[in-house]
Every structure is written in C-alpha cells, then in structure tokens.
Number of protein chains: 2
Amino acid sequence: MFIQIEPTSEIPIYTQLVNQLMELIATGTMKPSDSLPSVRSLASDLGVNMHTVNKAYHELERKNIIQIIPKSGAVVNIIPSTGPNELQIEYIKQMVKPLIAESIVYGMDKDQISSIVNSIITEISEG
Amino acid sequence: MFIQIEPTSEIPIYTQLVNQLMELIATGTMKPSDSLPSVRSLASDLGVNMHTVNKAYHELERKNIIQIIPKSGAVVNIIPSTGPNELQIEYIKQMVKPLIAESIVYGMDKDQISSIVNSIITEISEG
DNA sequence: AATCTGTTCTAATGACATTATAACAAAATA
DNA sequence: TATTTTGTTATAATGTCATTAGAACAGATT
C-alpha cells in the first residue's frame, strides 16, 4: 500500500485515505476486483485506528467506488465505461466551482486553468 | 449582498461565505476597491453570528483576496494581472487533484473533465 | 477448530464551528 | 465635538466531528 498519512494535516485522516485510495484506483495501481487490505492491517500499517480506516472504506462505498462484503473484505468496483451519472457530475461541478472562482481571483485565465487541469489529468492517467 | 447560506449544509457557514464572496469577486459583481458590508450588518442580514462573518473575512484576507482595515472595514483587493504566484498554483493543484482522481474513477475521460471545467469558467466569467 | 473479518457498542479526548455577551478603542459620521 | 459604527478581543457555552481505545459478536476464511 503506497499510502502516506500526515497526522498534522488539517485534512482529516479518513479523507486523506479516501483521496489517496481514489488516486490509486484512478492511476490503475489498484484495478477493479482487487481486494483492499483489511481495515485492521491497513490501520496497523499506517499507525492509525481501525475505525478511521473503516470510516474511509465506507465513504468510498457510499461513492460507489468500492464494495464492502460484510465480514469478508472490500474490493474495487468496476469503473463505468458509460461514464458518470448526473448526480456524480453535479457533485464534481459543485466541488470544483469554488476552486475555479478562487483561481480566477488569483489572476488565472482560462488557458492557465485548463493547463493545470490537463497536467493533473496526464499525471494521473500516465504518470 | 447576493449571498445564500444553507445552515444545514455540511459545509461550514464561514466556508460558504468565503466561497460565495470569492465567486462574487470572480464574476465581477464585486470589484477591486469595493467595500464589503460590515461584519455586523452582513451577519444580521444572513441571520448568523458576527464572529462567523468575521472568520470568513479573515480567511479571505489570509488568501490575499480582501484587505481588512482595522476599525474601519474591508475592501476587495486588486486581481493581480501578473497572474497567481507559485504558492497559489500549488494550493489549487493540491485541492483539484483529488477531484480529478474522483472524476476519473467515475468514468470521465479527459474531454469530459475539460468540458466541465470550461463550462464553469464560462459561467463565472460571462454568465 | 482456529483465525480473520467487518460490525457494533461504549467511552473518552481534543479540535472545530457557532452562538452569545460584553467591553474596548479607533474610525466615521452627524 | 458628540454619537455612532467598526473591527478587536475575551470569555463561555453548546454541539458536532475526528480520533483513539477496548471489547464483544458473528459470519467468512483458512
């Protein structure tokens, strides 16, 4: 597991976990049907509490990114080839909007913002 | 003030304020050197506590988006024509990255993500 | 049969968000 | 100049959230 937790970050540990696991799936490091480590073992590896990892897993399940099989484990879901649904699109828009507003206030123009977004996409897709 | 607070949102009130004020500046509804309402009057308008508005203002000042003049008021800063500095770029990248990872996991491709970002930029810049 | 797994429960701690008062001093206004 | 407005500061209370801890349970795996 290539996960790094920063305990002093203002970002909650379980959110850091959600983000980094999503990134591992997005990069293809973790593929659909792959098993995630058990909450106990990952918690032990990272030096955090079992409940914190469990919370992250359930957040990922709520997002339909993994599936938790009770008393067994968790596996990565299939990335839908049909693309995102409306709810997911709306959610992404809602989250991205304030960041774009902030970027504009910082003096970025359309090309600069697009360039940053594209570089991140490339970094995740190929990197 | 065209601000709408959702008290039951999981997003803190002061963060909602920061986001909506940034959007008002990004859209040009509020321009550099414009005065912001006093923390007391805005708090009264929105039905929230003075300290909550004050917290939002100080967060905007920390981001160099407004300037607080002690015992006087707050004004919108100039949008730098030189563009963002390195710290601001790194911050935006860091915040956007997990959202792009999530978008990819939802099945979006590069064009779909770019399309969403461009539509938001257009909405803010023109809409 | 023994182990591993997620689940559930209780409990404690610290941090954060919000509200409520209140008082103060400087700025703006009448 | 006197009054009002403003941000500042302080204290306190409340509720929520994040995290940890310990334990017990029952189904799944080995």
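All figures in this text were calculated on a predicted structure; none of them were measured in a lab. Within every chain, numbering begins at 1; the chains are lettered A, B, ... in the order of the sequence lines, protein sequences first and strands thereafter.
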(request) Look at all strands and tell whether B:Y14 reaches a base, only sugar-phosphate, or nothing, counting heavy atoms closer than 4.0 Å. (result) sugar-phosphate

(request) Report yes or no: does A:S114 contribute a side-chain atom to a donor-acceptor pair with the main-chain N or O of A:K110 at less than 3.5 Å? (result) yes

(request) Check the distance between C:dC9's C1' and A:K55's NZ and give it to me in whole angstrom. (result) 16 Å

(message) Which residues pass the side-chain contact (heavy atoms from CB on, under 4.5 Å) test with B:S35, not counting sequence neighbours?
(response) B:V75

Can you pull every protein N or O that's under 3.5 Å from an N or O on nucleotides 19-22 of chain C?
{"residue": "C:dT19", "atom": "OP2", "partner": "B:N49", "partner atom": "N", "Å": "3.0"}
{"residue": "C:dT19", "atom": "OP2", "partner": "B:T52", "partner atom": "OG1", "Å": "2.9"}
{"residue": "C:dT21", "atom": "O4", "partner": "B:H51", "partner atom": "NE2", "Å": "3.3"}

Distances under 3.5 Å between protein N/O atoms and the N/O atoms of nucleotides 28-30 of chain C, please, pair by pair.
{"residue": "C:dA28", "atom": "OP1", "partner": "B:S72", "partner atom": "OG", "Å": "3.4"}

(request) Could you tell me whether the side chain of B:Q16 and the main chain of B:E6 form a donor-acceptor pair under 3.5 Å? (result) yes

(message) Could you work out how much the helix from C:dA1-D:dT30 to C:dA30-D:dT1 bends, comparing the axis of its first five pairs with that of its last five, to 10°?
(response) 40°

(request) With rounding to the nearest 0.5 Å, note down the distance linking CD1 in B:I68 to CZ in B:R62. (result) 12.0 Å

(message) My understanding is that only residues two or more places apart in sequence, or in another chain, count here; which of them pass side-chain contact (heavy atoms from CB on, under 4.5 Å) with A:D109?
(response) A:D111, A:Q112

(request) Please identify each residue that fulfils side-chain hydrogen bond (donor to acceptor under 3.5 Å, both in side chains) with A:N49, with sequence neighbours left out. (result) A:H51

(request) Taking side-chain contact (heavy atoms from CB on, under 4.5 Å) as the test, write out the residues that go with A:S115, two or more places apart. (result) none

(message) Within residues 58-68 of chain A, which residues have any heavy atom lying less than 4.0 Å from an atom of DNA chain C?
(response) A:H58, A:I68

(request) Take the protein atom CG of B:N54 and the nucleotide atom C1' of D:dA10, then report the distance between them rounded to whole Å. (result) 13 Å

(request) Sort and list the pairs that fulfil salt bridge (charged side-chain N to carboxylate O under 4.0 Å, His left out) and have at least one residue in residues 19-33 of chain B, not counting sequence neighbours. (result) A:K97-B:E23

(message) Which residues pass the side-chain contact (heavy atoms from CB on, under 4.5 Å) test with B:E126, not counting sequence neighbours?
(response) B:T122

(request) Quick one: list whatever passes salt bridge (charged side-chain N to carboxylate O under 4.0 Å, His left out) with B:E61, sequence neighbours left out. (result) none

(request) Grab the CD-C1' distance between A:E6 and D:dA18 for me, whole Å please. (result) 17 Å

(message) Measure CD1/B:I5 against P/C:dA17 and give the value in whole Å, please.
(response) 14 Å

(request) Would you kindly compare B:G73 and A:I11 by the position of their nearest DNA chain D nucleotide and give the one closer to the 5′ end? (result) B:G73

(message) Keeping A:Q20 on the side-chain end and A:L17 on the backbone end, is there a donor-acceptor pair under 3.5 Å?
(response) no

(request) Output yes when a side-chain donor or acceptor of A:S125 lies under 3.5 Å from a complementary backbone atom of A:I121, and no otherwise. (result) yes

(message) For A:Y106, give me all partners under side-chain hydrogen bond (donor to acceptor under 3.5 Å, both in side chains), at least two apart in sequence or on another chain.
(response) A:E102

